[in-house]
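A quick note: this is a predicted structure, and the numbers were derived from the prediction, not measured. Every chain is numbered from 1, with letters handed out A, B, ... down the list of sequences.
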Amino acid sequence: MITEEKKEEKNLNFIEEIVEGDLQSGKYTQIITRFPPEPNGYLHIGHASSICLNFGLTKKFQGYTNLRFDDTNPVTEDTEYVESIKNDIRWMGFEWENELYASDYFDKLYEFAVTLISKGLAYVDDSTSEEIATLKGTPTEPGKDSPYRNRTAEENLVLFEEMKNGAFPDGSRTLRAKIDMAHINMLMRDPILYRIKHAHHHRTGDKWCIYPMYDFAHGQSDSIETVTHSICTLEFAPHRELYDWLIEQLGIYPSQQYEFARRNLNYTVTSKRKLLRLVQEGHVNGWNDPRMPTISGLRRRGYTPESIRDFCERIGVARRENMIDVGLLEFCVREDLNKIASRRMVVLDPVKVLITNFPEGVTEMCHSENNPEDMGAGMREIPFTKEIFIEKEDFMEVPSKKYFRLAPGKMVRLKGAYIILCNDMIKNEEGEITEVHCSYVENSKSGQDTTGINVKGTLHWVSALHAAEVEVRLYDRLFSVEDVSSEEGDFQDYINPKSLEIITGYAEPALLEAKEGESFQFLRKGYFAKDSDSNAARLVFNRTVTLRDNWTKAAEK
RNA sequence: UGGCCGAUGGUGUAAUGGUAACACAGGACAUUUUGGUUGUCUUAUUCAGGGUUCGAGUCCUUGUCGGCCAACCA
């Protein structure tokens with residue numbers, strides 16, 4: 001018990017350590033975090049990490065987390081995304097204290113801007129975006145002051161109000177902070193605070209034609225909500241100086257920003273821009289395509305919230321660049337599904353086996369455990385008949401040394417049923433094996449085996465008479481290279497052409513009772529989840545992940 | 001040729017000046033009516049140089065390498 005507590009304490013990541021320190025020192029009596037998605041796309045595995053961090057922090061320590069949509073750019077944002085984001089967070093197992101929107105604060109933000117102007121710390125600039133860019137300088141050269149920089153506060157106040165009232169066209173003017181055009185930090189070179197966009201906003205409609213920039217919305221929203229720890233990714237680190245400056249000049253609640261490195265997964269992409277292109281250009285079937293690294297895609301693929309949270313916990317939080325092996329994600333879902341998924345037998349690539357000494361027209365019921373890891377899951381019935389299917393790969397005419405499946409003269413156990421002995425096979429004109437002839441061993445039935453025969457191999461099988469055809473979708477990694485961004489050319493050049501294979505599987509009858517979204521282990525084949533494309537006439541299953549497979553690995557050597 | 005951030009096994013993360021650890025991946029064996037699971041064992045690590053110190057992955061310094069910063073995106 002003591003060692004367990006110690007371990008837990010030692011596992012604190014650097015942000016948890018900061019929070020713990022702030023709580024212990026009495027700086028705060030409770031902490032407030034926020035998860036701030038922009039509603040312009042679906043949440044992905046990288047967001048999952050941020051969700052676990054922000055919500056996990058206030059679950060572990062005293063406090064709460066707000067969900068705040070960062071909706072300051074009406075052109076790209078949509079309520080469809082708002083709904084999917086809320087759904088995904090809840091599915092992940094977290095609940096927010098308040099559902100908030102940066103757009104809720106547009107009036108307040110406008111007041112803040114007026115305050116800044118009045119203090120001589122912001123001005124209306126009539127420069128074009130090209131002019132602004134030119135005057136900005138470069139990281140090694142200082143910028144130059146805009147010719148509009150020294151307008152009086154009175155003049156600025158009037159112009160800014162006219163901007164708000166729609167007197168000017170898009171892009172004709174901006175409100176800029178008056179800081180220092182020679183500042184070593186480019187973001188401090190009079191950053192733009194407001195721009196003119198005569199665009200319809202998903203929440204405020206046509207009320208506004210000026211919208212605040214990220215830097216003038218995010219920190220101020222944090223402050224309004226008295227967020228104590230504002231956690232974001234590393235690329236915002238240079239923004240922190242501006243974040244602090246604005247809060248300081250406005251004299252408002254001092255939220256503090258902390259940055260951590262975004263998590264990268266190999267063989268996929270997690271940039272919203274790229275994900276959007278995959279969807280729009282039809283490389284996948286929507287944001288929730290099971291190949292997508294989106295939360296909704298992973299859910300449809302069969303990933304559980306538990307496994308994703310476990311993954312986020314295992315990859316941790318740090319400040320260094322990283323490329324996480326997708327194998328770890330797969331490990332996490334296997335570990336979870338192994339405990340909870342019912343076993344079913346489904347033959348994916350069948351060859352017929354005739355049990356020559358079994359009576360014709362007879363169906364004998366066998367019984368098998370639903371889950372050997374959980375005897376509470378009970379047993380199920382499986383019909384056995386004279387004709388069954390097994391996997392083609394489970395029979396070999398000339399077996400290699402370590403092969404212990406079916407081969408002429410060899411015996412295997414049929415899972416939950418009898419031991420069979422292979423006597424013969426039938427080939428077609430092309431020399432392909434079309435039928436395997438076996439005899440079953442009497443008194444070898446599973447659970448009542450008195451033969452004392454020990455066989456090395458156990459195969460899954462399904463009665464040909466009872467086999468139900470189901471559609472099975474086999475997924476592979478979406479990209480054929482680990483890190484698309486380090487390759488030449490367009491990222492879509494590296495899409496794996498074999499990322500989806502659709503086949504017909506032959507399932508035991510018990511699988512027909514599957515509920516939508518339910519996960520199963522298809523014995524010896526992997527974990528599969530029933531897809532929402534299923535209907536009364538056709539069941540569809542998505543392969544979540546294969547089982548660990550030492551045999552294929554060894555056989556390839 | 002500016003500034004900021006970073007660098008620990010193949011991957012990810014710990015070690016908070018005092019024995020470099022954990023997980024995944026890899027390898028071996030055992031168990032197994034899933035070549036699954038489980039168990040045991042195992043391979044492999046502090047970017048480089050200099051300094052401070054009884055003692056440095058940790059502090060200082062120089063260098064190297066990587067990331068970020070010049071959107072009216074977030």
Review point. Can you list every ring-ring contact (aromatic ring centres under 6.0 Å, His included) pair that touches residues 442-462 of chain A, not counting sequence neighbours?
Key: Phe384(A)-Trp461(A)

Exercise for review: Remember a base hit wins even if backbone is also touched, and classify His239(A) as base, sugar-phosphate or nothing at under 4.0 Å, heavy atoms.
Suggested key: base

**Study point:** Partners passing salt bridge (Lys or Arg N to Asp or Glu O under 4.0 Å) against Glu391(A) (at least two apart in sequence or in another chain)
**Key:** none

Exercise for review: Output all residues satisfying ring pair (Phe, Tyr, Trp, His ring centres under 6.0 Å) with Phe14(A), sequence neighbours left out; order by chain, then residue number.
Suggested key: none

Practice item. Would you indicate what Ala237(A) reaches in the nucleic acid, counting non-hydrogen atoms under 4.0 angstrom: base, sugar-phosphate, or nothing? Key: nothing

Practice item. Report which part of the nucleic acid Lys272(A) touches: base, sugar-phosphate, or nothing (heavy-atom distance under 4.0 Å, all strands). Key: nothing

Review point. With sequence neighbours left out, what residues match Arg309(A) under salt bridge (Lys or Arg N to Asp or Glu O under 4.0 Å)?
Key: Glu306(A)

Practice item. May I have all residue pairs that pass salt bridge (Lys or Arg N to Asp or Glu O under 4.0 Å) and include part of residues 320-337 of chain A, sequence neighbours excluded? Key: Arg314(A)-Glu335(A)

Check your understanding: If only side-chain N and O atoms of Arg320(A) are considered, is one of them under 4.0 Å from the OP1 or OP2 phosphate oxygen of U13(B)?
Key -> yes

Practice item. With heavy atoms under 4.0 Å as the rule, sort Gln521(A) into base, sugar-phosphate or nothing. Key: base

Exercise for review: Kindly write out the residues that satisfy salt bridge (Lys or Arg N to Asp or Glu O under 4.0 Å) with Glu381(A), not counting sequence neighbours, or none if the list is empty.
Suggested key: none

Study note, to complete from the structure: Rounded to whole Å, the CZ-C1' distance (Phe14(A) to U58(B)) equals 17 Å

Can you tabulate the close N/O pairs, meaning under 3.5 Å, that link protein atoms to atoms of nucleotides 60-63 of chain B?
none

Check your understanding: Can you list the stems that RNA chain B is part of, where a stem is at least 3 pairs in a row, each Watson-Crick or G-U, with both distances below 3.5 Å?
Key -> B:2-7 with B:64-69, B:10-13 with B:21-24, B:26-30 with B:38-42, B:47-51 with B:59-63

**Study point:** Sequence-distant partners of Glu313(A), salt bridge (Lys or Arg N to Asp or Glu O under 4.0 Å), two or more places apart
**Key:** none

List every contact pair, protein side and nucleotides 65-71 of chain B side both N or O, where the distance is under 3.5 Å.
unit_1 : atom_1 : unit_2    : atom_2 : d
G67(B) : O2'    : Glu321(A) : OE2    : 3.1

Practice item. Under the ring pair (Phe, Tyr, Trp, His ring centres under 6.0 Å) rule, collect the residues that match up with Phe160(A), sequence neighbours excluded. Key: Tyr110(A), Tyr194(A)

Exercise for review: Please confirm whether the backbone N or O of Ser307(A) pairs with a side-chain atom of Thr304(A), one donor and one acceptor, at under 3.5 Å?
Suggested key: yes

Exercise for review: Using only side-chain N and O atoms of Arg413(A), determine if any of them is under 4.0 Å from OP1 or OP2 of U32(B).
Suggested key: no

Check your understanding: If only side-chain N and O atoms of Thr76(A) are considered, is one of them under 4.0 Å from the OP1 or OP2 phosphate oxygen of A74(B)?
Key -> no

Check: protein-nucleotides 38-41 of chain B nitrogen or oxygen pairs below 3.5 Å:
none

Exercise for review: Tell whether Arg334(A) reaches the base of U37(B) with its side chain through a donor-acceptor pair below 3.5 angstrom.
Suggested key: no

